[in-house]
Novice: 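Once you've had a glance at the structure underneath, I'll fire off some questions.
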Amino acid sequence: MTQVNDVRDAHVETTPAQAVSPWQPLSQPVFRMLWIATVVSNVGSWMSDVGINWSMLTLSADPLDIALVQAASSLPMFLFALPSGVMADIVDRRKYLLFSQLWVFIAAAVLTVLSFTGHVTPTVLLVATFLLSVGAAMSSPPFQAVVPDLVSKPELGAAVALNSLGVNISRAIGPALGGFLLSLAGPWMVFALNALSVVGVAWVLWRWRPAPSVQRLPPEHFFSAVRSGIRYVHAAPVLRNVLVRTVAFFVFGSAGWALLPLVARRELGLGPAGYGVMLACIGLGAIAGAILLPRLRQRLNADRLMVAASLTFALTMLALAFVRHVWLLNLFEFFTGFAWIAVLSTLNLGAQRSAARWVKARALAVYLTVFFGSMTTGSAIWGQIASQFGTPTSLVVATLGMVLASATVFRWKLEKDPDLNLDLSGQPLDGVEIDLPNERGPVLVSHEYIIDPQNAKAFLEAVHELRRVRRRAGAMSWAVYEDIERPGLFIETFLMGSWIEHLRQQERHTMNDLLLQSRVLAFHQGTTSPAIRYLVAPV
């Protein structure tokens, strides 16, 4: 990366978007091997889900036990996604991913032994489901965070779509294969294959040797890392827009998934095979979407693509409410898969591009938490409405809600700051080194600017952009003041928790931060750079 000697001359170079084949990321050897391995592993997970649900149906007729399986599967994502994202940002991601795969292997292997020996009970199934889902919660944030390390920046969108495609391929294969093996050998077989499917991912991770990163400072403590991650999300407007749009879509879109089994079984009278065909149509639509998405992105920006996909999904929910011809409905379900993968990949890509590398896993963990929270909340709402007023009514209300929620594009745009460059600048904005114990603090940092009074309004608009820069990088508070006795002398202040937090802030500055700083410094009229002072709480 080119070093910038004078921050006032810093600039961010932008290049036009390149046409990228939807399969181009697979030319990257590590991404290709990891993608194949995760598809196999996800097939094993879907097989295991079928085995667990079938085993619970065999062991217990209590509807509460059946419902608790889904609760045990979804709860870990709420509890552990954010802590997992924090861990993935403060420890070696490759080693952390290996640990998560080992966790899943042990949980699946123990369940296999218990099933083979006939010691499975409803309690054992619930505990095993919870532990397997804990492994998924541990691995999801770091897996998404390492994608930019495996492909080039122009390939990132295609890589995200390919990952979504892999999930849908495994969703189409896993349940059908799991049902066949259940009838052939029993639940222990699908549990054993799930354990073995993890080995491939672990082998790829073991062989992967990412570029070493130089750590000049000691790693963050867990709770301070949580706080800095939350502060980053709060001060990152693009990421906040992604989260708002995530809630707006998935709260209503969850109705399509939550009520699909009811329509298949009660309204259409389908058995397991017919329901599997419906899921396969969704999977085929997702595959087609992954192939066509790169071309669509050349014609539609993220906001237009998101709105188009949302309205398409709303139309398919309306069809789910009223269409009772099986194959016609399956045609609509094809477009459900198409729209679903378009939304997932667009939001995921938005979360990826709006998070700097030092906090990427935490930011993606927040996105996953909001995603699963919206799905869970929405499913409960639409299930309750369906039980009171009927499935078609619930789907119609969800459809209307999604159409109205599409209007969030006018206020919370995914295309905000399209030239955002969050690559680390490699250059501290202060450029001052002081020998001070790391634990000293709090630290009040001040920057003094001499501004032409005629430019004061424009300067204040520019310097307020730095507020987000300081807060994203860890500042606890920020303010700007003008000297009453010396008009034109402005003092920017921000408070850091400790000296080491200030040092970390210096390492976290991005090329975009450098650009914003250069705009502020363009107003400074002093013969030297703005004076910087550090005030430390006395011992």
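Just so it is clear, the structure is predicted and the values come from calculations on it, not from any experiment.
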Novice: Would you check if Val134 and Leu79 make a side-chain contact, meaning some heavy-atom pair closer than 4.5 Å?
Specialist: no
Novice: With a 6.0 Å cut-off on ring centres, are Phe250 and Phe371 close enough?
Specialist: yes
Novice: Spell out, as yes or no, whether a donor-acceptor pair under 3.5 Å connects the side chain of Trp35 to the backbone of Ala159.
Specialist: no
Novice: To the nearest 0.5 Å, tell me how far Leu150 CG sits from Trp208 CH2.
Specialist: 5.0 Å
Novice: A side-chain contact here means heavy atoms from C-beta on lying under 4.5 Å apart; do His234 and Ile230 qualify?
Specialist: no
Novice: Roughly how far, to the nearest 0.5 Å, is CD of Glu492 from CZ of Arg470?
Specialist: 4.0 Å
Novice: Ignoring hydrogens and geometry, is there a side-chain-to-backbone donor-acceptor pair from Ser27 to Gln24 under 3.5 Å?
Specialist: yes
Novice: Quick check: does any side chain N or O of Glu482 sit under 3.5 Å from a backbone N or O of Gly488, one acting as donor and the other as acceptor?
Specialist: yes
Novice: Given 3.5 Å as the limit, does a donor-acceptor pair link the side chain of His524 with the main chain of Ile450, or not?
Specialist: yes
Novice: Between Asn348 (side chain) and Ser345 (backbone), is there a donor-acceptor pair under 3.5 Å?
Specialist: no
Novice: Flag yes if more than 12 heavy atoms outside Met33 fall under 6.0 Å of its CE atom; otherwise flag no.
Specialist: no
Novice: Contact between Met511 and Leu515 at the side-chain level, heavy atoms closer than 4.5 Å - yes or no?
Specialist: no
Novice: Is any side-chain heavy atom of Leu205 less than 4.5 Å from a side-chain heavy atom of Leu34?
Specialist: yes
Novice: Report yes if some heavy atom in the side chain of Glu155 is under 4.5 Å from a heavy atom in the side chain of Gln28; otherwise report no.
Specialist: yes
Novice: Any luck finding a side-chain donor-acceptor pair between Asn42 and Ser45 under 3.5 Å?
Specialist: no
Novice: More than 12 non-hydrogen atoms from neighbouring residues, nucleotides or ligands closer than 6.0 Å to CD on Gln454, yes or no?
Specialist: no
Novice: Any side-chain to backbone donor/acceptor pair from Arg440 onto Ala537? Under 3.5 Å, distance only.
Specialist: yes
Novice: Donor-acceptor pair, Asp303 side chain versus Leu414 backbone, under 3.5 Å?
Specialist: yes
Novice: Nearest 0.5 Å, please: how far is CG in Leu521 from CZ in Phe459?
Specialist: 9.0 Å
Novice: Can you check whether Trp478 reaches His464 side chain to side chain, under 4.5 Å on heavy atoms?
Specialist: yes
Novice: Tell me whether Ser254 contacts the main-chain N or O of Val251 through its side chain, where contact means a donor paired with an acceptor under 3.5 Å.
Specialist: yes
Novice: I'd like to check Phe130 versus Pro76 (side-chain heavy atoms, cut-off strictly below 4.5 Å). Are they in contact?
Specialist: yes
Novice: Would you say Glu415's side chain and Ala302's backbone share a donor-acceptor pair under 3.5 angstrom?
Specialist: yes
Novice: What I'd like to find out is whether the side chain of Arg94 reaches to under 4.5 Å of the side chain of Arg209, using heavy atoms alone.
Specialist: yes
